[in-house]
Amino acid sequence: MTARPFAHLAGLGVYLPSRVVANKDFEARLETSDQWIVERTGIRERRYAGAEETVSTMAQAATATALARAGIGVEDLGALIVATATPDHPLPSTACYLQALIGARNAAAFDVAAACSGFLFGITMAEGLIATGQARHVLVVGGEKLTSITDQDDRSTAILFGDGVGAAVISAGAKDGRGILSTFIKSDGALTNLLYIPSGGTADPISERMVRERTHYMKMAGREVFKHAVLTMAEACDEALRRAGVTAEQIDLLVPHQANIRIIDSTAKHAGIPAEKVLVTVDRYGNTSAASIPMALAYAESTGRLKPGMLVLLVAFGAGFTWGSAVIRW
Ligand code: ACO
């Protein structure tokens with residue numbers, strides 16, 4: 001097998017739902033305040049998808065942009081991966097719905113369930129499919145409609161989450177020396193109960209009781225999740241840098257999962273990366289789980305923060321727990 005890079009990120013796309021929900025909008029119905037939310041999370045506003053929108057329909061628009069930027073046609077996709085915790089349906093995969101919408105008839109389509117780390121798990125899968133000759137071009141989508149699994153009466157979670165989709169085309173080989181230099185993914189299944197949806201799966205199938213008791217919504221032990229996020233994001237930074245054979249001083253842009261500004265600050269501090277090299281979108285999008293990193297990358301590109309040749313460090317953690325990272329020469 002040849003050495004890395006096996007693959008590069010050839011094109012990005014994003015879909016932002018049009019409805020903007022500001023912190024103030026929660027004040028009327030929850031015991032919270034704009035000041036509390038900004039100080040404890042860094043979030044100012046987030047996007048909410050419309051009732052008729054799903055992860056696959058939102059992904060369709062993001063995918064069109066990513067394919068155009070990559071300069072390939074939809075029939076060139078050998079695989080299509082959707083990272084999501086909010087699939088259109090429990091069965092089949094959201095990737096299959098997206099495949100039908102865009103007409104990617106040559107692709108194998110499947111979902112990745114790794115919560116907020118899903119995009120990094122997805123690009124790791126894409127790189128593997130490319131390295132083993134299964135595909136030359138892989139679409140990796142990180143997409144969420146988190147408002148559908150968030151209890152809008154629970155102030156500790158309602159304020160955190162938003163909807164949106166980011167999509168990336170991963171293509172074979174390096175481009176002008178640019179490509180994926182390292183990836184790292186890991187999990188700890190002993191921590192599932194810190195962030196989960198109790199009901200609706202086979203452990204507690206759909207019932208009237210579940211709706212009455214609101215156990216079909218996400219439950220989170222915020223303080224515990226926070227603690228583990230800080231620890232795992234630090235490990236993930238170190239590991240991606242070590243595997244790529246680069247130092248933190250060489251990193252031009254850190255793009256962390258956008259869950260909470262305090263977790264982002266702590267991750268940057270651990271890695272020794274100064275604030276001006278850290279991308280922050282949590283203020284405008286909130287936590288969009290698997291969509292957070294590709295949405296942040298698309299934002300960085302559109303605002304001129306991300307330029308060809310830059311060394312970029314991606315790092316995420318999420319429910320499971322799962323965590324992961326990557327170093328990319330952009
Ligand atoms: N407004 C006002 N007060 C609030 C709110 C709110 N929206 N939410 C909670 N509080 C209160 C609590 O009830 C508590 O009150 P008490 O002291 O009277 O009991 C107090 O604020 C402090 O609560 P904590 O949970 O300790 O607050 P903390 O500073 O830890 O902030 C937060 C909470 C923002 C949730 C934080 O813990 C956090 O960000 N955790 C990580 C969450 C995260 O990243 N989750 C996503 C994981 S990614 C995925 O896979 C989906």
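Keep in mind that the numbers below use all heavy atoms, side chains included, and drop hydrogens, waters and symmetry copies. Indexing begins at 1, ligand by ligand and atom by atom, following the structure's order. Just so you know, these numbers come straight off a predicted model, no measurement behind them.
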Checklist entry - Do R29 and Q152 have a side chain donor and acceptor closer than 3.5 Å? => result yes
Checklist entry - Is any NZ, NE, NH1 or NH2 atom of the basic residue among R46 and D163 found under 4.0 Å from an Asp or Glu carboxylate oxygen of the other? => result no
Item to check | Verdict with supporting geometry, T288 and E144, side-chain hydrogen bond (donor to acceptor under 3.5 Å, both in side chains) | outcome: CA-CA 6 Å; T288 57; E144 301 287 6; over 6 Å; no
Checklist entry - Looking only at side chains, do R305 and Y299 share a donor and an acceptor under 3.5 Å apart? => result no
Next on the checklist: Salt bridge or not between R44 and D283? Use side-chain N to carboxylate O under 4.0 Å.
Outcome noted: no
Item to check | Distance from atom 49 (C) of ligand 1 to nearest protein heavy atom, with residue and atom | outcome: C116 SG, 2.6 Å
Checklist entry - Counting from 1, what ligand 1 atoms have a heavy atom of A115 closer than 4.0 Å? => result 50 (O)
Checklist entry - In ligand 1, which numbered atoms sit nearer than 4.0 Å to a non-hydrogen atom of N260? => result 34 (C), 38 (C), 39 (O)
Checklist entry - Which atoms from ligand 1 have a heavy atom of E31 less than 4.0 Å away? => result 1 (N), 2 (C)
Item to check | Nearest option to atom 50 (O) of ligand 1, as decided by whichever heavy atom of S289, A319, A316 sits closest | outcome: A319
Next on the checklist: Under 4.0 Å from atom 14 (C) of ligand 1, can you find at least one protein heavy atom?
Outcome noted: no
Next on the checklist: Under a 3.5 Å threshold, yes or no: a donor from one side chain and an acceptor from the other, between S171 and H137?
Outcome noted: yes
Checklist outcome for this item: In this structure, atom 47 (C) of ligand 1 is nearest to the protein heavy atom L195 CD2, 3.4 Å
Next on the checklist: Under 4.0 Å and counting heavy atoms only, is there anything from the protein next to atom 39 (O) of ligand 1?
Outcome noted: yes
Item to check | Any F26 heavy atom less than 4.0 Å to ligand 1 | outcome: no
Checklist entry - For ligand 1, which atoms have a heavy atom of G318 less than 4.0 angstrom away? => result 50 (O)
Checklist outcome for this item: Residue, atom and distance of the protein heavy atom nearest atom 46 (C) of ligand 1 read N287 ND2, 3.3 Å
Checklist entry - Does the distance from a Lys or Arg side-chain N to an Asp or Glu carboxylate O, for K186 and E239, drop under 4.0 Å? => result no
Next on the checklist: For atom 29 (O) of ligand 1, tell me which residue out of Q258, H228, K227, R40 has the closest non-hydrogen atom.
Outcome noted: R40
Checklist entry - Under the 4.0 Å line, does any protein heavy atom show up next to atom 21 (O) of ligand 1? => result yes
Item to check | Identity and distance of the protein heavy atom lying nearest atom 45 (N) of ligand 1 | outcome: M220 SD, 3.2 Å
Checklist entry - Using a distance-only test with no angle check, is there a side-chain donor-acceptor pair under 3.5 angstrom linking Q60 and Y15? => result no
Checklist entry - Can the ring centres of F317 and H228 be said to be less than 6.0 Å apart? => result no
Checklist entry - Any N or O of T41 that comes nearer than 3.5 Å to an N or O of ligand 1? => result no
Checklist entry - Between N260 and T41, do the side chains contain an N or O donor and an N or O acceptor separated by less than 3.5 Å? => result no
Item to check | Heavy-atom nearest neighbour in the protein, as seen from atom 33 (C) of ligand 1, with distance rounded to 0.1 Å | outcome: W36 CH2, 4.0 Å
Checklist outcome for this item: The closest protein heavy-atom partner of atom 44 (O) of ligand 1 is A259 CB, 3.3 Å
Item to check | Common cluster, F121/I81, ILVMFWY with side-chain heavy-atom separation under 4.5 Å | outcome: yes
Item to check | Heavy-atom neighbours of R19 CZ exceed 12 at 6.0 Å | outcome: no
Next on the checklist: Students should be able to answer this: which protein heavy-atom is nearest to atom 1 (N) of ligand 1, and at what distance?
Outcome noted: T32 OG1, 2.7 Å
Item to check | Residue, atom name and distance, where the atom is the protein heavy atom closest to atom 12 (C) of ligand 1 | outcome: R155 NH2, 3.7 Å
Checklist outcome for this item: atom 31 (O) of ligand 1: of R262, R223, E27, the nearest heavy atom sits on R262
